[in-house]
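Accompanying notes for the structure given below.
All figures in this text were calculated on a predicted structure; none of them were measured in a lab.
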Amino acid sequence: MAKPLKKLVSCVILDLDGTLLNTDGVVSEVLKGFLGKYGKQWDGREAQRIVGKTPLEAAATVVEEYGLPCGKDEFLAELYPIFFAQLCNIKSLPGSNRLLKHLSGHGVPMALASNSHRENIESKISYHQGWKDYFSVILGGDEVTAGKPSPEIFLEAAKRLNTEPSSCLVIEDSMPGVTAGKAAGMEVVAVPSVPKQAHLYTSADEVINSLLDLQLEKWGLPLFQDWIEGTLPTEPWYIGGPVIKGFGRGSKVLGIPTANLSTEGQSSLLSEHPSGVYFGWAGLSTRGVYKMIMSIGWNPIFNNAEKTIEPWLLHEFNEDFYGEELHLVIVGYIRPQVNFPLLESLIAKIHEDREIAEKALDLPLYSKHKDDPYLKNSLHRECNHSLFTGFSGFIS
């Protein structure tokens, strides 16, 4: 059944940091090292307060919160060279390249509007092939008198696109960006970059979990045509490690046996992938390769404090296999996490996801990855990561 249109738009205006690029991960690493010189420890508690702010505003927040013996200008002057040396390590967020290529391929005009300085924007996108050419307009916070949450940058973007503000769709990750977009009279889709804050984005016209969940047809824009049998193909990514004992919640509460790996030192990988339900192949070093489905995210039923990756091997095992090397190749996406009111609803959805994954993995597009050498190789690759797993995190 066709989804009802929210409002027809003809142009798209995108934020950069936290919307298209996973800048937060690099910023956190830089701040950890920088604050360490002052005997301070960056714990991310101020992330929500600096997301979407201008560089000076963000600097003032960090200087004040951590009681640093320097002003905001001095802070930025010292931090910028360290940050710029890491620009090449900023990865695009899942769904970014897909969205930009799709809109460009269908001739939809796009603008990039960020509170970052124009020079910084140009530097960041230079590491992502073709990005600069996708945008008809690129605007930085230093090119307007007031940054977001002022609507000025979006109004100026619409002017340069030669279109009315009401014909623009803004895609933003921060509250200042959402506020600016609505003040400009535009439609706004929020993709919150700060964990578990979606409930705060009430002024947005729609709140989605990640760009993978964006439904352009709701806004009269060209429909994505890449979903297959209820799944979205993704670039393969890899995780693995020895199986350890977990909490036993998957088996005891959900009736679903799980495998568990360590979470230690995996915050970077977890920040790269949005919460949701994924699938792929699992290799056990002494047993073989099996179909697998997994979730990424938080589980309020079990009060998870941290984001986790939780896979379920779709095979009946007669005994435990603690200590065995488990390697996973993730090849596709099914859906965002959902906050289920009843445990029974969660269990039913998990089994529905299993049916989708099992059927999809028989398709040549996905079945070819069953032969990936990583699944049968106990040696760690550069992209190998050790993670905690279960399967109870299908809600958020």
Exercise for the section: Check for a donor-acceptor pair, side chain of Lys291 on one end and backbone N or O of Glu358 on the other, with a separation under 3.5 Å. Expected result: yes

Exercise for the section: Mind checking the CD1-CG spacing from Ile171 to Leu214? Nearest 0.5 Å is all I need. Expected result: 5.0 Å

Problem - Side-chain touch Cys168/Ile13, heavy atoms, less than 4.5 angstrom - result: yes

Problem - Side chains of Val30 and Phe84 in contact at under 4.5 Å (non-hydrogen atoms) - result: no

Problem - Under 3.5 Å: donor-acceptor pair, side chain of Ser193, backbone of Gly18 - result: no

Handout entry: Inter-residue atom distance Ser150.OG - Glu156.CD, 0.5 Å rounding
Key = 11.5 Å

Exercise for the section: May I ask you to check whether His199 and Tyr201 place their ring centres under 6.0 Å from each other? Expected result: no

Problem - Evaluation steps, ring pair (Phe, Tyr, Trp, His ring centres under 6.0 Å), between His102 and Phe224 - result: CA-CA 7 Å; His102 178 78; Phe224 285 115; 4.4 Å; yes

Handout entry: Donor-acceptor contact below 3.5 Å, side chain Asn209 vs main chain Ser275
Key = yes

Fill in the blank from the handout: For Ser92, the side-chain hydrogen bond (donor to acceptor under 3.5 Å, both in side chains) test, sequence neighbours excluded, returns Asn97

Problem - Check: Arg118 main-chain N/O paired with Asp142 side-chain donor or acceptor under 3.5 Å - result: yes

Practice task
Hey, can you tell me if Tyr374 and His327 have their rings parallel, tilted or perpendicular (30° and 60° cut-offs)?
Solution key: parallel

Handout entry: Pair Leu363-Ile228, side-chain contact (heavy atoms from CB on, under 4.5 Å): steps then yes or no
Key = CA-CA 10 Å; Leu363 298 173; Ile228 303 170; 3.7 Å; yes

Handout entry: Distance flag, aromatic centroids of Phe279 and Tyr366, threshold under 6.0 Å
Key = yes

Practice task
Ignoring hydrogens and angles, tell me if any N or O in the side chain of Lys182 forms a donor-acceptor pair with the backbone of Met186 under 3.5 Å.
Solution key: yes

Practice task
Taking atom CG of Asn162 as the centre, report whether more than 12 heavy atoms of other residues, nucleotides or ligands fall under 6.0 Å from it.
Solution key: no

Exercise for the section: Please check if any side-chain donor atom of Asn89 sits under 3.5 Å from a side-chain acceptor atom of Tyr127, or the reverse. Expected result: no

Handout entry: Rounded distance [0.5 Å steps], CG in Leu361 versus CD in Glu229
Key = 11.5 Å

Handout entry: CA sep, side-chain torsions, deciding dist, call: Phe83, Phe34, ring pair (Phe, Tyr, Trp, His ring centres under 6.0 Å)
Key = CA-CA 10 Å; Phe83 177 70; Phe34 181 83; over 10 Å; no

Practice task
Report yes if the side chains of Val62 and Phe75 come closer than 4.5 Å at any heavy-atom pair, otherwise no.
Solution key: yes

Handout entry: Row check, Phe321 ring normal vs Arg287 NZ/CZ: under 6.0 Å, within 45°
Key = no

Completion exercise
Rounded to the nearest 0.5 Å, the CG atom of Leu16 sits from the NE2 atom of His128 at a distance of 8.0 Å

Practice task
Look at Lys148 together with Asp15 and state whether they make a salt bridge at an N to O cut-off of under 4.0 Å.
Solution key: yes

Exercise for the section: Would you check if there is a donor-acceptor pair between the side chains of Lys359 and Thr231 at a distance under 3.5 Å? Expected result: no

